[in-house]
Structure formats: structure tokens, C-alpha cells
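Working notes, structure below.
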Amino acid sequence: MSDESIDVLVIGSGFGGAVAANRLALAGKRVLLLERGPWRDSLPVRALGISRRAPFPYGRKALTHFLHSLHGQRCSLRLNKNGFYEIGSLAGLYTLAAASVGGGSLAYGGLVEPPRNTAMWHDRHPQLQAEAVERYYAKVISDLGGAPISRAQPLPQTVWEHFPTNDPRCQPADPQPLLASLIPPTAALAGTLAPQPPGSLPREYCNFRGDSFLGSPGGAKASVDFIYLAPVLGKGLSVRDLCEVTHLAPARDGHGGYSVSYKDLAAGTTHSVRAPSVVLAAGTLNTLKLLFAGAQAEAGLAPMPALGRGFFANGDMLGAWVNRAARLPSFDSPPVQGALTLAGYEDYVIGIGGLPGFETWPLPGFVKRFLAKVFFVYAMGADSTRASVTWVKGRLRSDYDYRQEPIYARLRQAFGIISEVSGHKAYPLRKPLSPHMGGGARLGANASEGVIDHCGEVYGNPGLYVVDGAALPAAPGGPPSVTIAAWAHHVADGIARRGC
């Protein structure tokens, strides 16, 4: 696809970007997608014939391919363009993002749930009916193959095993969350090829020794690179991996649209492309960087008075649970072992998982023996949106302060209940680590309340759209993948119809 023939340029390939690219290509649009990360070496991607692939950070590759970059409020350091994770530190929050074609879907735990915040899309814009976005939830879950975690599945370890049902303070949740991973019908089939519809890419059943937060080499865990991008590759969609966008501005040729500069990280060269419409899906922080930088450049984007407001961390609380009495090592595990219901904490998402894949890392024996007894606890809930992100000397700054968010004190109490009921200590991180940041370019009724309108279009900047977590008007309170994907469906379908 030549640059001159592009209808829509999509920046980023996570849940928002991949869904938008898919819908637009299916609608007959000519779509170019730029992604700063590489294609990963999974079974489905190999079947696509993608020749340039980067490994997942298993085994010794963890030394070279685990970290993509480190970011602080004063400096940044890229360690490897093929690295998997980007770790950042804001004043009151650690951040985590993935760098790959498929974005965070390669690194998530596989949970696919509608937002706990049922008012997510209500009364946000006078021309937006909540149902216009909510109607896509079921489709996204179906596309990803979400199915409830079940006690009847042949899982090596489950939440039912760790937390018997005889203590009302902490019990396995009923119902359990939906998991987008191919769980084998029998233990003997773990890691084998799973039957797929004709014409589908090959995938393996979960092998319980991978398919984790380090990625899914066999494709057991559903990710958007092969679910949404693969069906339209070469059929309206072109993907350029290892291409990092550095600048976004209105085109100066008098014909409208936008000029986007990007660096080819593999070749070390810089290029520019023009497109009538641009869809931002680079991840919350990277999308905000592009908008802030674009607005401050000479002859740049039109002013966005609400840019940076409404930032949240989804109440993410991660921690370690040391169960020295566990029957099996934490390495033998599906991505997530199940959710818990704690008395008085029913509004929060709380669950446990193992560390599959980490046993492959080149670590001393005593460290592996310790990690074999360490499980992770995840908790999420709706924090406020009173925090802001600003742009100071070319860097993002945030006033997010977890100490001013009551949810974190509540979740620390929940960790205490888990410790008491199980008899094994659960240790939450002191400073929260969030892979689910959002807001800052949120939906609002007008330009003073939000950055984008009911169509996802940036106020004052026609043809520029936001479809990732930055667009969300509030914290989902649970895993945000379905929420973001549904919004991307809504926006992309609106673009395809030339209006909402």
C-alpha cells in the first residue's frame, strides 16, 4: 500500500488499534497501522508467514527481551527495540505497558469482562446512547473466545483448591470471570494443537507452563494480532512493525488530514506519511504524549483545553501471596486461577494466578525454589478521575497520588483478609503498579469537559480520533480490554459510515 492511497492511519495495535483497523478494513477503507513493537514469534504469527519475528521473553531471552524501555518523569531509556515490557514511574504510580504487534493483548492475563462500572457510557455526551457502545461487549467476548473459569476444567491449580468454601470472609467467586484462553478438555491434551474452524490459524491448547504474562507462544491465549489483524492483512490493512511515531500535526498541503512522522527502528531511518484520518491507539501514555506534543508544536493541533484531565489507574493493586503449602509450584498454572469474593468487598475484582514461564528464566536455584511458592494477587476497582497529566519540558508529569485514593487502603485490607483466611501472607506493592491507566483524552460533552466527542473525534481537530484507554471517561473497575475494544468498534464503525 502506497502512502498516497491511505484512507486511515492507525497508531498502535492493542485492543483499540487492532479492532479499529479490522473494522475499517472490513468496511473497505485502506488502512495503514504503525506499531513501535515487533511481531512476536507465536504459532499463529508463523502461520501468517511473517518473517521478522521477535521472541517472547522466556528462558535466556528474558535477559535481552523482557524490557523494552524504562521511563521516569525526568529521563527515559530504551533498552531493546524488541523488548516486551515498558515500565514507567510517575509521582504516585508505577506504569506497565507492552510493546508488540497486538499490544497489551499479548501480555494480559486473558480476562475478558464488561466494565464493572455500569455507568461507563451514561450521560457522557448528549448524542451518545450508552447502548451504542455496550452492544459490542458480547461480540468482543465472542471474538476472543471468552469462557468462564470452571472447577470442572482440568486445571493444575484453581482458586477452589487454595480457598475452600467454608469461610464466608473469602470464597471462590460465583460466577467466575471469563478467560480468553484455550483450556484443554483433558489434561492429556495440554500443549497440543486445538481444533480450529476451516481457514483459521493454528493454535495450541494452554500448556500450563507458559501462556502467561510473558506471552503465549502456542497461541492458546487469544491476542488481537491474530484475532483481529490477521483476517484483514493484505485485504485493506498494511502493518508496519518497529515503527515508532514521533510527531503528529495537521498536513500543510491545504488538503486537510494529518502528517505523521515516524522512525523505523529496524533501519534507523525517519519517514513521514499523510492520511486524511488518524486513529490514536498507542496506549494511554503514548497517546497523551503525541497529543501534547502535537498541540504545542508550531502550526500544530488545535488547542485541547481538557487534555490531561480525568487520569486514572483503575485502582490496580498487585501483590505476592506466598503459599508454602501449595501442592504444585506456581509455575504449573493457567494465566489466572480464578477470582475471589470477599465479604464487604464485592464491588472489587480480586483474584489469584501463578507464574508460568518464570521457571525458564536463568535464575539461581534458591530463587526458583522460592518463586515456586509465590502466587500473584490482582485487585482492581474504580478509582477517581481527579488526577491530571501535564506536559513539562517534553515529558509527561502526573499529580496522581495513590494516598489520596481511598480504594488502595480498602484493597490493602482485602489483602489482609486473604492472609488471615489462607494462613499465608499476601504482600501488596506499596506504590501501585498499573497496566490499566486511562483517561487524559477522555470522552466529554464539550471541549471544556473532554478531549473527544461521541464519535471519538478530537474537538477542533477533524479526522483525529482516540480509541485506547485514554478515551475512557471513567475507570472500568475491572479488566479494561472489552471496554476499550467496544469503544474502538463504535468509533471505527462511525468512521466507516462517515459519521456516527
Side-chain angles (χ1 to χ4, degrees), residues 1-13 16-17 20-21 24 29-36 125 238 240 243-264 269-309 389-396 440-444 446-468 470-471 488 491-492 494-500:
M1 180 185 297
S2 67
D3 292 352
E4 293 77 16
S5 65
I6 297 169
D7 293 319
V8 183
L9 175 66
V10 178
I11 302 173
S13 64
L24 291 165
K29 301 293 184 181
R30 296 162 297 182
V31 182
L32 172 63
L33 187 151
L34 299 178
E35 165 58 49
R36 63 176 176 154
H125 191 284
S238 176
R240 296 179 189 172
C243 289
E244 184 172 46
V245 173
T246 56
H247 185 64
L248 165 68
R252 297 183 180 181
D253 57 8
H255 297 292
Y258 294 88
S259 175
V260 173
S261 300
Y262 67 92
K263 184 174 183 179
D264 184 326
T269 54
T270 300
H271 307 269
S272 63
V273 59
R274 182 192 172 281
S277 296
V278 173
V279 175
L280 285 172
T284 296
L285 297 182
N286 288 316
T287 286
L288 293 179
K289 288 178 185 178
L290 290 173
L291 289 173
F292 272 117
Q296 295 196 4
E298 183 180 354
L301 300 176
M304 293 165 276
L307 183 60
R309 287 165 41 192
V389 175
T390 56
W391 187 248
V392 181
K393 296 181 179 179
R395 294 191 180 278
L396 293 179
R442 62 181 176 178
L443 167 67
N446 51 59
S448 64
E449 296 181 15
V451 172
I452 58 174
D453 66 11
H454 61 298
C455 297
E457 192 170 34
V458 178
Y459 286 111
N461 294 275
L464 181 61
Y465 301 85
V466 180
V467 299
D468 58 16
V491 173
I495 296 172
R497 293 193 305 268
R498 295 181 179 275
C500 288

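The shown structure was predicted, so the numbers you read here are calculated from the model rather than taken from an experiment. Side chains included, hydrogens not; waters and symmetry mates left out as well; all remaining heavy atoms used.
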Gap between atom OG of Ser238 and atom CZ of Arg30 - 0.5 Å precision
13.0 Å
Do Val279 and Val31 make a side-chain contact, defined as non-hydrogen atoms from C-beta onward lying under 4.5 Å apart?
no
Heavy-atom check, side chain of Leu291 versus side chain of Trp391, under 4.5 Å:
no
Euclidean distance, Ile11 CD1 relative to Leu32 CG, rounded to 0.5 Å
9.5 Å
I need the minimum non-hydrogen distance between Ala251 and Gly256, along with the two atoms involved.
CB-O, 3.6 Å
Heavy atoms only: give me the nearest Gly12-Leu33 pair and the separation to one decimal.
O-CD1, 3.7 Å
Closest non-hydrogen atom pair, Gly17 against Val467
N-CG2, 4.2 Å
Taken to the nearest 0.5 Å, the spacing of Glu244 CD from Asn286 CG works out to 7.5 Å
CG (Leu34) and CG (Leu9) are apart, to the nearest 0.5 Å, by 5.0 Å
Measure from the side-chain N and O atoms of Ser272 to the backbone N and O of Ser261, and report whether any donor-acceptor pair falls under 3.5 Å.
no
Smallest separation among heavy atoms of Ala302 and Gly460, with atom names:
CB-O, 3.3 Å
Answer yes or no: is there a side-chain heavy-atom contact under 4.5 Å between Pro250 and Leu301?
yes
Closest non-hydrogen atoms of Gly16 and Ala281, given as atom of the first, atom of the second and distance, are C-CB, 4.0 Å
Interatomic spacing from CG in Leu290 to CG in Leu248 - rounded to 0.5 Å
6.5 Å
Check: Arg309 side chain, Ser448 main-chain N or O, donor-acceptor pair, under 3.5 Å
yes
Quick check: closest heavy atoms across Ala470 and Leu288, and the distance to 0.1 Å?
CB-CD2, 4.4 Å
Main chain of Gly444, side chain of Tyr459: is a donor-acceptor contact present, judged purely on distance under 3.5 Å?
yes
Output the distance between atom NE2 (His271) and atom NZ (Lys263), rounded to the nearest 0.5 Å.
10.5 Å
Between Asp264 and Arg240, is the side-chain contact (heavy atoms from CB on, under 4.5 Å) condition met? List the steps.
CA-CA 9 Å; Asp264 184 326; Arg240 296 179 189 172; over 6 Å; no
